[in-house]
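What follows is a short report on a single structure.
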Amino acid sequence: MPGRDRCSDRPSRNPANRRSSFVDSTSGRDYDVARMSEESPQLEVSESELIRVRREKLDRIAALGFDAYPTTADVDTTIAEVVAAYAGKSGEELEAAKANVKIAGRIMGIRAFGKAAFLVLSEKTARIQVYCRMDSLPEREWALYQNLDAGDWVEVAGTVFRTKTNELSIKASHLGFLVKALRPLPSKWHGLTDVEQRYRQRYVDLIVNDSVKATFETRAKIVRYIRNYFDGNGFIEVETPMMQPIASGAAARPFRTHHNALDIDLFMRIAPELYLKRLIVGGLSRVYEINRNFRNEGISTQHNPEFTMLEFYEAYADYNDLIVRTEELFSGLAHEVLGTDKVQFRGNEISFARPFKRFTMKQAIAEFGGIDIRELDDRGKLESLVVARAKAFHPKADGTHGSSDTPHQKISSMNSGKLLAELFEAVAEHALINPTFITDFPTEVSPLSKQRHDDPDYVERFELYVGGMEVANAFSELNDADEQDRRFRQQLGERERGDDEAMQMDEDYVRALEYGMPPTAGEGIGIDRLTMILTDSPSIRDVILFPLMRPTRE
RNA sequence: GGGCCCGUAGCUCAGUGGUAGAGCAGUUGGCUUUUAACCAAUUGGUCGUAGGUUCGAUCCCUACCGGGCUCACCA
């Protein structure tokens, strides 16, 4: 484990080392080998012994005349293509065909027999076995084989055949050297399970855990499908600022940064929303963006400080149109990625068959909370329900509370819409496993949404829940500049009452609306959570290549 | 930030108040169709860090570092 300042991560003092310094892969710092050795002569034994042996092998390989760091590899196909082309062929058919191939890959395992050996070569998620015989290779290349280790990269030329145990293999007539793995691979059988090392050193995780490669290939497939979908439906992909003078468009705490030349503070964006709608004002009509948002909040299995959102905006549409579009997108995506409507997620089967279920927020609270829906219209009853149901307001075990407010004061300072949303999250959210639209959000928690004409206390908005997580949020966009200004000011009031995540006023956005935004509906979809569901990953860190980790110290 | 749990060889894991073991990997020898190849021998560890208790700590206590789950916050 890299973070433990373990002696074995340190370089060897062995004079055979040709380098005077060495980059520790976990910290990126240069260590001076001689200095390290003086400071901690005891700390250099174990892994550096393994590394020293491999360095000596590399020296021997170089002495045999191989370039230690060649610039190219001589290949004419990939392992995956060889497997695809010949997996269906019998030994006799391969014998007759005598197909010659040139491949490259990383050695994942070596089974040696004295004057012959099997190498398992891996490239991406494909593997093939290579059979090397002393009498079938040039002498120099057999000597190369004798200095190879698991983890090294090699090129191989040879004929495709089947062994007598029927394993598709390549009989090597040429073995070439590409690069040495100076560090040993984790156990070939148990792989790498330590989650800390898996996230910190994802490169090792990718080498030994094929399912990780598969997860990120699926993620790429998801993003590609979404891009194709929107490109094919008349949307244009845009990129809007990640660094913003005002972080608005969502309720969240931002990261702060600074631009030196302008000497101004900036915020990393918490949402692209207000910029994308400026583009609708500008007449682009259908836009989408797939990019990172940054929120300076807690980390959990469902939250990473930077995460990827799809947001799209469609003129001349309302939130009902987006319900249809969302069902179309999700079910199409499930078929593309999984080949079926159904996916296993955390032991539950989830079906993306259309149509998805729907509840209003109040219906969902009544249904999953066992609460009489009429009580939700009574402020007093609503408060006591929140006190009873929302764990958020229970005092801590030590008798203190998270904020200076007592729980009851905090609740009494919240507006009724916020109370309703709190109650929904407490009783219903976790129960929404199959895709479910929740509609009829309170206006008070939806400062950018258009009100329902039949009831201005509620807005034309839905969120889509899957696997107990919110994965999409959409609404008919508020395009009344005066009303938007009023809503922003209401948010400022919430902020003054202690809600430090209330939305920031963006006056230029109001100004943009004054130029006229056509009727528009917009939606945000969390790509990471969607990927979790489609790959059955229990943590968001499993679908982010390099999740944020606390840096390790010396 | 709170609660619970974890940190022992390169990897995966046992283990004990008397300064540590296994499998795989590595090394050496044998083996020219194996499949976690096999057989034989063998190297490798200030048991996360720092204090404390103790005759003695890897084990018990405290703090710290890092991580996981969970609650809070949030998407």
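This one's a predicted model, so the numbers in the text were calculated from it and none came from an experiment. By convention in this document, chain letters (A, B, ...) are assigned in the order of the sequence lines, proteins followed by strands, and residues within each chain are numbered from 1.
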State which residues pass salt bridge (charged side-chain N to carboxylate O under 4.0 Å, His left out) with A:D536; sequence neighbours excluded, sorted by chain then number.
none
State which of B:rU34, B:rU33, B:rC31 makes the closest approach to the side chain of A:K115.
B:rC31
Nearest-Å distance, NE2 (A:H430) to C1' (B:rA72)?
17 Å
Among B:rG67, B:rC31, B:rA25, find the nucleotide with the atom closest to the side chain of A:R550.
B:rG67
Give every donor-acceptor pair under 3.5 Å between a side-chain atom in residues 432-443 of chain A and any protein atom, sequence neighbours left out.
unit_1	atom_1	unit_2	atom_2	d
A:N434	OD1	A:S351	N	2.7
A:T436	OG1	A:N434	O	2.7
A:D440	OD1	A:R452	NH1	3.0
A:T443	OG1	A:P456	O	2.8
A:T443	OG1	A:D457	O	2.9
A:T443	OG1	A:Y458	N	3.1

With a 6.0 Å cut-off on the ring centroids, do A:Y465 and A:F356 count as close?
no
So what does A:Q129 hit on the nucleic acid, given a heavy-atom distance under 4.0 Å: a base, only sugar-phosphate, or nothing?
base
Going by purine N1 to pyrimidine N3 plus the second Watson-Crick contact, or the G-U wobble pair, all under 3.5 Å, which nucleotide sits opposite B:rU58?
none
A:N296 atom CG is separated from B:rG1 atom C1', nearest whole Å, by 14 Å
Identify, between A:M309 and A:P186, the residue whose nearest nucleotide on RNA chain B lies closer to the 5' end.
A:P186
Nearest to the side chain of A:R111, which nucleotide is it out of B:rU34, B:rG67, B:rU32?
B:rU34
Paired with B:rU12: which nucleotide, if any, by Watson-Crick or G-U wobble criteria at under 3.5 Å for both distances?
B:rA22
Answer for the Watson-Crick or wobble partner of B:rG7, both distances under 3.5 Å, is B:rC65
Closest-nucleotide 5' rank along RNA chain B - winner of A:M134 and A:L192:
A:L192
Does the side-chain ring of A:F113 lie flat on the base of B:rU32, meaning centres under 5.5 Å and planes less than 30 degrees apart?
no
Shortest side-chain distance from A:R541, nucleotide among B:rC69, B:rG67, B:rU33
B:rC69
Please pick, from B:rU27, B:rA75, B:rU12, the nucleotide with the shortest atom-to-atom distance to any side-chain atom of A:T193.
B:rU12
Is the ring centre of A:F118 under 5.5 Å from the base ring centre of B:rA37, and are the two planes under 30° apart, so that they stack?
no
Can you identify which nucleotide, out of B:rU32, B:rC11, B:rC73, has its nearest atom closest to the A:Q197 side chain?
B:rC11
State whether a side-chain donor-acceptor pair under 3.5 Å links A:Y131 with A:Q129.
no
Which nucleotide in the list B:rU32, B:rG67, B:rC11 gets nearest to the side chain of A:R133?
B:rU32
